Amino acid sequence: MEELLMNVNWLAVIVGAVLAYGLGALWYSPMMFVKKWAEGCRIDMTANTGGSMLPAMLTQAVGTFMLAWVIGITATTDSLMLAILIASTTSVLIITNGLFAQKSTYAVMVEAGYVVAMVVIMILVHAVL
């Protein structure tokens with residue numbers, strides 16, 4: 001348990017999580033990918049307004065923090081390749097899930113690409129802080 005908490009740069013974890021979560025607001029916005037992504041997932045965005053998105057957004061916030069924490073742990077051991085392996089593994093599992101759910105290739109790539117982008121941000125934050 002000690003290796004999960006010791007020497008972790010918590011400032012970098014928090015900043016990385018906040019920036020990566022904020023990227024999600026842009027990533028899944030009309031400025032970027034939301035329209036074709038929603039079509040590819042067969043999601044009616046008009047039905048997902050108000051509080052119905054809150055559980056998903058809270059879960060995303062928790063998962064983003066956990067990923068930032070994992071990247072923070074890899075930063076304490078100079079394990080950049082492990083961070084890349086974690087991002088790659090997560091992306092492949094997202095792709096697999098999307099294929100089983102019969103999402104469009106576009107939607108699957110948007111989702112997997114977001115994970116890669118989050119990890120890049122988190123690694124860069126650790127490099128700076």
Side-chain angles (χ1 to χ4, degrees):
M1 183 70 171
E2 188 175 313
E3 67 273 7
L4 299 178
L5 302 171
M6 298 298 293
N7 301 320
V8 173
N9 181 344
W10 291 106
L11 177 62
V13 168
I14 292 167
V15 169
V18 168
L19 291 176
Y21 188 85
L23 174 65
L26 179 63
W27 198 268
Y28 292 98
S29 75
M31 291 176 22
M32 291 188 75
F33 305 116
V34 75
K35 187 172 191 250
K36 279 187 71 176
W37 168 80
E39 289 171 6
C41 295
R42 297 178 303 280
I43 295 173
D44 179 3
M45 293 303 288
T46 60
N48 289 322
T49 57
S52 67
M53 292 301 289
L54 187 60
M57 293 175 77
L58 290 174
T59 304
Q60 179 67 33
V62 170
T64 301
F65 174 78
M66 292 172 69
L67 182 58
W69 185 3
V70 168
I71 298 302
I73 293 168
T74 65
T76 65
T77 59
D78 293 324
S79 301
L80 177 62
M81 294 310 294
L82 178 58
I84 292 169
L85 178 61
I86 290 165
S88 301
T89 301
T90 305
S91 294
V92 168
L93 291 172
I94 287 170
I95 291 167
T96 301
N97 184 330
L99 293 173
F100 275 116
Q102 298 180 346
K103 295 178 180 179
S104 72
T105 301
Y106 184 89
V108 170
M109 291 301 117
V110 166
E111 293 171 355
Y114 176 53
V115 170
V116 172
M118 287 193 317
V119 171
V120 168
I121 286 172
M122 293 169 185
I123 290 170
L124 290 174
V125 167
H126 277 281
V128 171
L129 297 178

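The shown structure was predicted, so the numbers you read here are calculated from the model rather than taken from an experiment.
Atoms OH and CD, from Tyr106 and Glu39 in turn, are 9.5 Å apart once rounded to the nearest 0.5 Å. Going from atom OG of Ser91 over to atom CD1 of Ile86 covers 11.5 Å, rounded to the nearest 0.5 Å. Note that CG of Leu82 is 10.0 Å distant from CD1 of Ile73, once rounded to the nearest 0.5 Å.
Taking both residues in full, the closest heavy atoms of Val110 and Trp27 are given as O-NE1, 3.0 Å, listed atom of the first, atom of the second, then distance. Here the closest non-hydrogen pair linking Ile94 and Ala112 is CG2-N, 3.9 Å. The minimum heavy-atom distance between Thr64 and Ala20, with the atom names listed, is CG2-CB, 3.9 Å. When all heavy atoms of Tyr21 and Met57 are compared, the closest pair comes out as OH-O, 3.2 Å. The two atoms that bring Cys41 and Glu111 nearest to each other are SG-OE2, 3.5 Å, heavy atoms only. Of all heavy-atom pairs spanning Ala87 and Val119, the tightest one is CB-CG2, 3.6 Å.
Placement of Ile95 and Val120 in two distinct hydrophobic clusters is found when ILVMFWY residues are connected by side-chain heavy-atom separations under 4.5 Å, directly or transitively. Val116 and Tyr114 fall into different hydrophobic clusters, where Ile, Leu, Val, Met, Phe, Trp and Tyr side chains are chained together by heavy-atom contacts under 4.5 Å. Residues Leu11 and Met118 share a hydrophobic cluster, clusters being chains of Ile/Leu/Val/Met/Phe/Trp/Tyr side chains in contact below 4.5 Å. Under a hydrophobic clustering in which Ile, Leu, Val, Met, Phe, Trp and Tyr are joined whenever their side-chain heavy atoms come within less than 4.5 Å, directly or via other members, Leu129 and Met6 fall into different clusters. Taking hydrophobic clusters as Ile, Leu, Val, Met, Phe, Trp and Tyr residues chained together by side-chain heavy-atom distances below 4.5 Å, Leu85 shares a cluster with Met81.
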